[in-house]
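To keep things clear, I will list the structure first and then write my remarks on it.
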Amino acid sequence: MLVIPRGEFSIEEPWAIPSECRPVALRRATDGDAPRLSTNLFTYYDDEYLTLIFRADDEDVVATMYEHDEPLWQEDVVEAFLALDGTTYYELEVNPLGTTFDARGDSPDGVRATMRADSSWTCEGLFVAIRRQEETAETVMRVPFAALGGRPSRANFFRVDRSKTHGDEYSAWNPTMKEPADFHVVAAFGTLVFG
């Protein structure tokens with residue numbers, strides 16, 4: 001369970017983290033161990049938005065895609081999977097260049113084999129910001145509740161890091177324990193509580 005505090009957002013400093021927020025460390029998606037590169041997630045909300053801030057160690061950026069809805073998961077990316085209830089969820093991705101991918105997924109059996117994704121869905125009003133300081137990358141996603149049809153009650157959060165030197169690394173808030181890594185595991189979604 002992730003308790004999300006209320007907080008104020010600053011457009012002048014979108015990476016500012018309200019004092020009520022506590023970091024949540026992502027773990028290796030396949031086995032739950034500590035990843036080679038750490039990623040911390042901070043979350044808070046206001047009346048209209050859920051704000052997610054990913055703070056990640058990153059030695060080398062692997063990102064070449066600039067077009068909306070390109071297959072960002074093939075390179076470095078952070079992802080949020082948000083569900084109101086049932087087996088329908090919204091997938092939001094941001095790469096280190098600020099490019100976005102968004103889709104509505106439906107997984108009636110909770111497995112990739114029967115999952116359907118609709119990439120024609122667009123998260124209207126989504127705000128993203130990217131900042132890199134030395135070997136730390138920060139990504140902000142402000143997700144409007146209106147685009148989702150309400151506040152999500154379940155979610156999972158991910159990071160994909162591509163490295164020619166060290167190999168690919170997949171991190172998750174709630175590890176899916178799938179090999180190869182698979183983020184579309186609805187059963188691994190955790191509960192969100194808006195505090």
Side-chain angles (χ1 to χ4, degrees), residues 1-27 34-70 72-73 75-82 90-103 122-162 169 171-174 190-195:
M1 177 173 48
L2 178 61
V3 178
I4 303 173
R6 239 183 125 73
E8 293 299 320
F9 176 75
S10 168
I11 193 67
E12 289 81 22
E13 187 64 29
W15 304 276
I17 297 169
S19 60
E20 306 82 34
C21 291
R22 299 291 172 258
V24 174
L26 301 190
R27 297 173 290 152
R36 188 180 69 80
L37 295 174
S38 71
T39 305
N40 285 307
L41 171 68
F42 300 85
T43 61
Y44 65 95
Y45 77 102
D46 56 34
D47 289 339
E48 297 180 48
Y49 290 87
L50 172 64
T51 299
L52 309 170
I53 301 173
F54 293 84
R55 183 177 288 161
D57 293 343
D58 199 356
E59 307 151 333
D60 183 36
V61 172
V62 178
T64 60
M65 299 180 199
Y66 288 95
E67 296 295 322
H68 177 68
D69 281 349
E70 284 191 277
L72 303 184
W73 59 89
E75 300 179 333
D76 288 356
V77 71
V78 293
E79 305 183 11
F81 285 47
L82 305 169
Y90 300 92
E91 178 180 358
L92 305 169
E93 301 182 12
V94 181
N95 78 3
L97 303 172
T99 308
T100 59
F101 171 92
D102 47 21
T122 298
C123 185
E124 295 294 336
L126 176 67
F127 170 88
V128 300
I130 306 293
R131 171 170 80 174
R132 186 169 173 84
Q133 297 180 319
E134 297 177 8
E135 291 190 353
T136 301
E138 293 179 302
T139 304
V140 175
M141 279 192 227
R142 285 214 4 114
V143 183
F145 294 128
L148 306 178
R151 290 184 184 170
S153 61
R154 296 167 46 246
N156 212 344
F157 306 99
F158 303 101
R159 176 192 180 187
V160 177
D161 183 75
R162 305 291 183 181
E169 185 168 64
S171 302
W173 170 46
N174 281 337
T191 301
L192 301 181
V193 176
F194 291 86

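Below, all heavy atoms of this structure are taken into account, side chains as well, without hydrogens, waters or symmetry copies.
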Query raised in the report: Do Glu75 and Thr64 have side-chain atoms, one donor and one acceptor, less than 3.5 Å apart?
Result: yes

Query raised in the report: Nearest 0.5 Å, what's the CZ-CD1 distance between Phe54 and Ile130?
Result: 10.5 Å

Query raised in the report: Can you list the residues that meet the ring-ring contact (aromatic ring centres under 6.0 Å, His included) rule with Phe145, with sequence neighbours excluded?
Result: Phe194

Query - Separation between CD of Glu20 and CD of Glu8, rounded to the nearest 0.5 Å - result: 9.0 Å

Requested in this report: For residues Asp102 and Asp69, report the shortest heavy-atom separation together with the two atoms involved.
Outcome: N-OD1, 3.0 Å

Query raised in the report: Do Leu82 and Leu50 come close enough that some side-chain heavy atom pair is under 4.5 Å?
Result: yes

Query raised in the report: When the aromatic ring centroids of Trp73 and Phe101 are compared, is their separation below 6.0 Å?
Result: yes

Requested in this report: State whether the side chain of Asp58 and the backbone N or O of Ala137 hold a donor-acceptor pair below 3.5 Å, judged by distance alone.
Outcome: no

Report summary line: Of all heavy-atom pairs linking Ile4 and Thr43, the shortest is CG1-OG1, 3.6 Å

Query raised in the report: Have Arg159 and Thr39 got a donor and an acceptor in their side chains that come within less than 3.5 Å?
Result: yes

**Report entry** NZ or CZ of Arg22 within 45° of Phe42 ring axis and under 6.0 Å
**Finding:** no

Query raised in the report: Is the gap between the ring centers of Phe157 and Phe81 under 6.0 Å?
Result: no

Query - Side chains of Val94 and Thr99 in contact at under 4.5 Å (non-hydrogen atoms) - result: no

Query raised in the report: If only atom types and distance count, is the side chain of Arg55 paired as donor or acceptor with the main-chain N or O of Pro23 below 3.5 Å?
Result: no

Query raised in the report: Roughly how far apart are His68 NE2 and Glu70 CD, rounded to 0.5 Å?
Result: 10.5 Å

Query raised in the report: Just how far is it from atom CE of Met141 to atom OG1 of Thr139, taken to the nearest 0.5 Å?
Result: 7.0 Å

Query - Side-chain donor/acceptor of Tyr45 to backbone N/O of Gly195, under 3.5 Å - result: yes

Query raised in the report: Closest heavy-atom contact between Leu92 and Cys123?
Result: CD2-CB, 3.8 Å

Query raised in the report: For Pro18 and Gly7, which heavy atoms make the closest approach, and how far apart are they?
Result: CG-CA, 4.1 Å

Report summary line: For Ser171 and Leu26 the tightest heavy-atom approach is CB-CB, 3.8 Å

Report task. Please check if the side chain of Glu13 supplies one atom and the backbone of Ser10 the other of a donor-acceptor pair under 3.5 Å. Result -> no

Query raised in the report: How long is the span from the CG atom in Leu2 to the CG atom in Leu41, to the nearest 0.5 Å?
Result: 7.0 Å

Query raised in the report: Mind checking what makes salt bridge (Lys or Arg N to Asp or Glu O under 4.0 Å) contact with Arg162, not counting sequence neighbours?
Result: Asp168

Query raised in the report: Are Glu91 and Glu93 close enough that some pair of their side-chain heavy atoms sits under 4.5 Å apart?
Result: yes

**Report entry** salt bridge (Lys or Arg N to Asp or Glu O under 4.0 Å) assessment of Arg36 paired with Glu169
**Finding:** CA-CA 8 Å; Arg36 188 180 69 80; Glu169 185 168 64; 5.0 Å; no

Query - Backbone of Asp57 reached by a side-chain donor or acceptor of Ser38 within 3.5 Å - result: no

Query raised in the report: Quick one: does Asp76's side chain have a donor or acceptor within less than 3.5 Å of a partner on Val62's backbone?
Result: yes

Report summary line: The single option from Val128, Leu52, Leu126, Asp46 that satisfies side chain to side chain contact (heavy atoms under 4.5 Å, CB included) with Arg142 is Asp46

**Report entry** Audit row: Val140, Trp15, side-chain contact (heavy atoms from CB on, under 4.5 Å) steps and yes/no
**Finding:** CA-CA 7 Å; Val140 175; Trp15 304 276; 3.4 Å; yes

Query raised in the report: Which heavy-atom pair separates Arg132 from Glu135 by the least distance, and what is that distance?
Result: NH2-CA, 4.3 Å

**Report entry** Tyr44 vs Phe9, ring pair (Phe, Tyr, Trp, His ring centres under 6.0 Å): CA-CA, chis, key distance, verdict
**Finding:** CA-CA 9 Å; Tyr44 65 95; Phe9 176 75; 7.1 Å; no

Report task. With rounding to the nearest 0.5 Å, note down the distance linking CD in Glu59 to OG1 in Thr136. Result -> 11.0 Å

